[in-house]
Amino acid sequence: AQKITQTQPGMFVQEKEAVTLDCTYDTSDPSYGLFWYKQPSSGEMIFLIYQGSYDQQNATEGRYSLNFQKARKSANLVISASQLGDSAMYFCAMREIIRTGANSKLTFGKGITLSVRP
Amino acid sequence: GAGVSQTPSNKVTEKGKYVELRCDPISGHTALYWYRQSLGQGPEFLIYFQGTGAADDSGLPNDRFFAVRPEGSVSTLKIQRTERGDSAVYLCASSASATRRGGGSGANVLTFGAGSRLTVL
C-alpha cells in the first residue's frame with residue numbers, strides 16, 4: 001500500500017530565504033506520480049508541482065522545485081525566495097499509476113505548516 | 001464553470017440527521033473525487049468517479065456514506081444518520097482524464113473546490 005510521510009514540525013523561514021519541506025513515500029508500484037499542494041488558511045488546495053517516477057529531471061515551476069531522490073524514496077519541495085504569501089500548509093501526495101490507473105486517487109501526507117517571517 | 005463549486009460552504013446539523021453535499025466540477029472534467037479533511041490532517045480519500053460510475057469507493061468509511069454522479073457531471077455526497085465524528089471539511093476535486101500520449105501518464109492534476117464544512121452537533 002502506498003504511504004506518504006511528512007514528519008517535520010512547523011517550519012519557519014525568513015522572507016527571501018529558501019526552505020525545504022520533506023516528503024518520503026513508500027510504494028511497490030514501479031510507476032507513480034508525486035504532487036505537492038499548498039493549502040492557505042482560506043482552505044483551498046492549490047496545486048504546485050508534479051514529478052513522475054520516470055522523469056529524468058527534477059521538476060521545477062517558478063520558485064518551486066522538487067528534489068526527487070528515487071533510491072531514497074524522497075520528494076522534497078524547495079521554495080526559493082520565500083514570500084509572506086507562502087505561509088500555509090503544504091501537502092505531499094502520490095498516485096500509483098500501474099496498480100490503480102492514471103486517473104486514480106491521490107494519497108496525501110499529513111502536511112507541514114510553513115510560516116514565513118518578515 | 002471556471003472552477004470546482006461546492007455547496008453548501010457550511011452545514012450545521014444534529015446527530016442522526018441526513019446530509020447532502022453537492023459538487024459541480026469543472027466543465028468537461030470526467031473524473032471527480034471526494035475527500036474528507038479533519039482539522040490538522042491531510043485530505044482522506046473517500047470515492048472517485050470516472051464518468052457516472054464509481055471507479056474506486058474504497059475510502060467510504062461505512063454504509064452511512066454514499067455518493068452519486070448520475071449524469072457524469074454534478075455529484076452528491078450523502079451521509080445518513082450523521083455522527084459527531086463525521087464533522088470535517090468535505091473536499092471535492094475534478095480532473096480531465098489522462099490520455100495515452102503527452103502530459104506524462106499519471107500527471108493528471110486534481111483541481112479542488114473550496115470545500116463544505118460539516119459540523120454535527
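Chain identifiers are assigned alphabetically (A, B, ...) following the order of the sequence lines, protein sequences preceding nucleic acid strands; residue numbering begins at 1 within each chain.
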At a 4.5 Å cut-off on heavy atoms, which part of [X] comes close to chain A: side chain, backbone, both, or neither?
X	value
Glu44(B)	neither
Ser58(B)	side chain
Leu91(B)	side chain

Checklist entry - Looking only at heavy atoms, what is the nearest atom pair of Val109(B) and Ser95(B), with distance? => result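 The pair with the smallest heavy-atom distance is O-CB, 3.2 Å.
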Checklist entry - Between Val116(A) and Ser87(A), which heavy-atom pair has the shortest distance, and what is it? => result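 That closest heavy-atom pairing would be N-OG, 2.9 Å.
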Checklist entry - Side chain, backbone, both or neither: which part of Tyr37(A) has an atom under 4.5 Å from a heavy atom of chain B? => result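 When you check distances to chain B, only side chain atoms of Tyr37(A) fall under 4.5 Å.
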Next on the checklist: Is Gln39(A) close to chain B through its backbone or its side chain, or both, or neither, when contacts mean heavy atoms under 4.5 Å?
Outcome noted: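 Just its side chain gets close to chain B.
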Checklist entry - With no hydrogens and no angle check, do the side chains of Glu17(A) and Ser82(A) hold a donor and an acceptor under 3.5 Å apart? => result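 Result is no, nothing qualifies.
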Checklist entry - Is there a donor in the side chain of Thr13(B) and an acceptor in the side chain of Tyr18(B), or the other way round, less than 3.5 Å apart? => result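 There is no such pair between these side chains.
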Checklist entry - Can you check side-chain hydrogen bond (donor to acceptor under 3.5 Å, both in side chains) on Tyr48(B) and Gln50(B), steps first, answer last? => result CA-CA 7 Å; Tyr48(B) 143 59; Gln50(B) 187 65 258; 3.0 Å; yes
